[in-house]
Structures are given as C-alpha cells and as structure tokens.
2 protein chains.
Amino acid sequence: MSIATPTTPDALAQRLADSGLRSTPQREVVYDVLLKKRDHPTADEVFVRVKTELPTISLATVYNCLETLVQCDLVRAVNFERGPTRYCPNLRPHAHFHDEQSGATHDIELPPVLLEQVHAILPPNYDAKSVEIIFRGAAGSPRPEPVEGQGKAKAAR
Amino acid sequence: MSIATPTTPDALAQRLADSGLRSTPQREVVYDVLLKKRDHPTADEVFVRVKTELPTISLATVYNCLETLVQCDLVRAVNFERGPTRYCPNLRPHAHFHDEQSGATHDIELPPVLLEQVHAILPPNYDAKSVEIIFRGAAGSPRPEPVEGQGKAKAAR
DNA sequence: CGCTTATTTGGAATAGTTCCAATTCTCACT
DNA sequence: AGTGAGAATTGGAACTATTCCAAATAAGCG
C-alpha cells in the first residue's frame, strides 16, 4: 500500500530512480523547498524560493520539476478556484481548508474510516483513483493567527 | 410546485431580484442552457450553446452571467485540475466524479449524514462555508469506450 | 573520452479569464 | 411618453498561469 517514510528529502533520489529518472540539483532543491515550508506555494512562489539557492534556475524548470514530483507521487498538486496550482508534499490522506480571508491553506487530517465512507458513496463501476476534499471558509480563530498566507500578498492587480 | 427545488428557470428572476439585480435575456438563456444540458460545461461551451439563441451575445457577457448566477447561488462553479472552470446548476449537495478517460463529470449524491461527518473532521474554529469533494478516476463501463468527452482534445474547440 | 540521452533554459505561444471604455438597455420618476 | 441615472452588455485589449519548443548543457556509459 503506502510507503513507510515518504516525506524526506532522501526519498527523492529513490523515487526518481524507481521511475527511471535522474536526481538533479534542481529537482532536489525544489523538493526541499516544498518540504521546508509547507504553505502550499504556487509554482511562482517555489521559483522565488528556489532561486535563493539556485539563482539561475528557470521557471520552466520549476514547472518541470514540480510535474516530475507529482508524477513520482512525492507531491500533490492542488487546485482551488481559478487561481494557480499549489503544491503540497504531504502524502498522508488529508483534506484542504482554504481560508478565504487570508488565502492560506491548511491540511486537515482525514481519518481513514471517513475516507472509506466517502469512497463508499460512489456507485458501482466508479473507480476513483483519488479524492480531493476542499473546504472553503474562514479559519476564524478567536485571535488572528500568524501569517501563513500567500493569498493576496502577491496578487497585486 | 416544490418550493424546495429552486432549480427551475423561474427561480432566476426571483433570485436576481432578491439580490437587486435585473433579469435579462442573456442571464435567462445562460441559466436555461445550464439547466437543459447538465454536463458541466465550460464558459466557452456555454457561449456556443447560448449563441444559437442569442447570436450576438459576447463571451464577456457569458462570463458575467455565470458569475452572477454563482453569486446568486443558482449555480456552482467547479474547478478540476488546471482546466477551465465548469458550471453546475445542481444545488443539492453532491460530489463530483471526474472521469479522466472521457473528461466527463458526473454528479454523485452526497448523503447528508456523510456531509456532516466530513464537516466534523474540522478542528474547532474552522468554519467552512462550503465543501467540495472531487473524485478522479475511471467511470463506469467495464469495457473501454472510444474517445468522447472534452478530455484532451485540442482541436475540438 | 566521446556518444547518447536526459534535463535545463529562455523565450514564444497558448488558454482561460478579467478588465475597460463605450454603447445600449431599463426602470423610476415626472 | 420623455428623460436621466444606473445596470448590463459588448468587443477588444490586457493579464496570468502554464505549456511548448528548440537550442544548450550535463550525465551516465561503454
């Protein structure tokens, strides 16, 4: 079923090899960046972060690497409304809560039992490879929480 | 008949009025089109369909109308992976099954109990206004079917 | 070491959507 | 019925996110 120690930098080389792909500095740093700050960054945001370590990397490569990581099942791509795709290195089954105020996204633990129950609503013949659960709302803590948001920070329009 | 079923063309004028908006031919036809063929069309597809009735409508207006309908809670906007937003006039709580083969999207009944259970996984202080459940996989027929949907066809637009 | 193939890169191209300014339509009020 | 204010529509330009492409680079392998 699932793999024992998935979410570590070292898993990368292994997984890549398994898929007949090479471990490159770009792929490593992109993955590291995702592991280091798990705030569901966009490709652009990953680009910025990776550049501090690999100043010459190109945005196209960031897209390539992210795609590769998704292929290898090391990273999940998440799409909220219209906006850019966000990337999440959390492999455990979880839902996403999208705080519309701050734009931040939080992982929500998804109990296996519930996951099963959700799958169970599918009629026969529907074979779901994956399921995505996305909440939208306000993570209205009594006190405002530390900024985790990428929400409007960049969305200068 | 049923007040509980707002998914009728007539509901439109009412809802619009409630929001202080006007009922226009464009809005009516856009809504009709959604009700008539519930295959989760994209804005483009709606545009094409509406044009047969209102040949001079513009794509911008279709976007406007769809947005308006979403605001009025008559229509849900759904986003699968990177692709265009799709529109769904089904107001009852339901999940979506996205068939990766055909590109088609099916509504899946969502039992209220399950919906509650899903909401229950949220930690306190998380106030979800809505939840979206999206399955991805292969639907239905035990035997493979030739190409059909809007999947990755590039020329079909 | 040179060959082959994978990977990266920058820029151009594309898709989907939004923005904007000008026009047209509606409605409320004389 | 006429008019003015505000809504709504329209076409096209602008924008954003992403993909495509062809050339340059890097790596593994014999």
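Every chain is numbered from 1 and lettered A, B, ... according to where its sequence line falls, protein lines coming before strand lines.
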Q: Send over the distance from B/N79 CG to C/dT17 C1', rounded to a whole Å.
A: 11 Å

Q) Rounded to whole angstrom units, what separation is found between the CG atom of A/D44 and the P atom of D/dT18? A) 8 Å

(Q) Can you pull out every salt bridge (charged side-chain N to carboxylate O under 4.0 Å, His left out) where at least one residue sits in residues 52-65 of chain A? Sequence neighbours excluded, please. (A) none

Q) Under the side-chain hydrogen bond (donor to acceptor under 3.5 Å, both in side chains) test, which residues partner B/E109, sequence neighbours left out? A) B/R92

Hey, what are the protein-to-nucleotides 6-10 of chain D N/O distances that come in under 3.5 Å?
residue	atom	partner	partner atom	Å
D/dG6	N2	B/R22	NH1	3.4
D/dA7	O4'	B/R22	NH1	3.1
D/dA7	O4'	B/R22	NH2	3.4
D/dA8	OP1	B/R22	N	2.9
D/dA8	OP1	B/R27	NH1	3.0
D/dT9	OP1	B/T24	OG1	2.6
D/dT9	OP1	B/Q26	OE1	3.3
D/dT9	O3'	B/Q26	NE2	3.2
D/dT10	OP1	B/Q26	NE2	3.4
D/dT10	OP2	B/S58	N	3.4
D/dT10	OP2	B/T61	OG1	2.6

Q: Measure from the side-chain N and O atoms of B/T61 to the backbone N and O of B/N64, and report whether any donor-acceptor pair falls under 3.5 Å.
A: no

Q: Just say parallel, tilted or perpendicular for the rings of B/H106 and B/F97, cut-offs at 30° and 60°.
A: tilted

Q) Taking CZ from A/F47 and P from D/dT18, how many angstroms apart are they, rounded to a whole number? A) 13 Å

Q) For A/H94 and A/R76, does a side-chain donor sit closer than 3.5 Å to a side-chain acceptor? A) yes

Q. To the nearest angstrom, how far is B/E81 atom CD from D/dT19 atom C1'?
A. 15 Å

Q: Would you please test B/H40 and B/D107 for side-chain contact (heavy atoms from CB on, under 4.5 Å) and show each step?
A: CA-CA 9 Å; B/H40 306 81; B/D107 289 356; 2.7 Å; yes

Q. Rounded to the nearest Å, what distance is computed from the CG atom of residue A/L12 to the P atom of nucleotide C/dT7?
A. 12 Å

**Q.** A/R82 CZ to C/dC19 P, straight-line distance once rounded to whole Å
**A.** 11 Å

Q) Under 4.0 Å between a side-chain N or O of A/Y63 and OP1 or OP2 of D/dT19? A) no

Q: Round to a whole Å and report the spacing from CG of B/L16 to C1' of C/dC27.
A: 16 Å

Q | Separation of D/dT16 C1' from A/L59 CG (nearest whole Å) | A | 12 Å

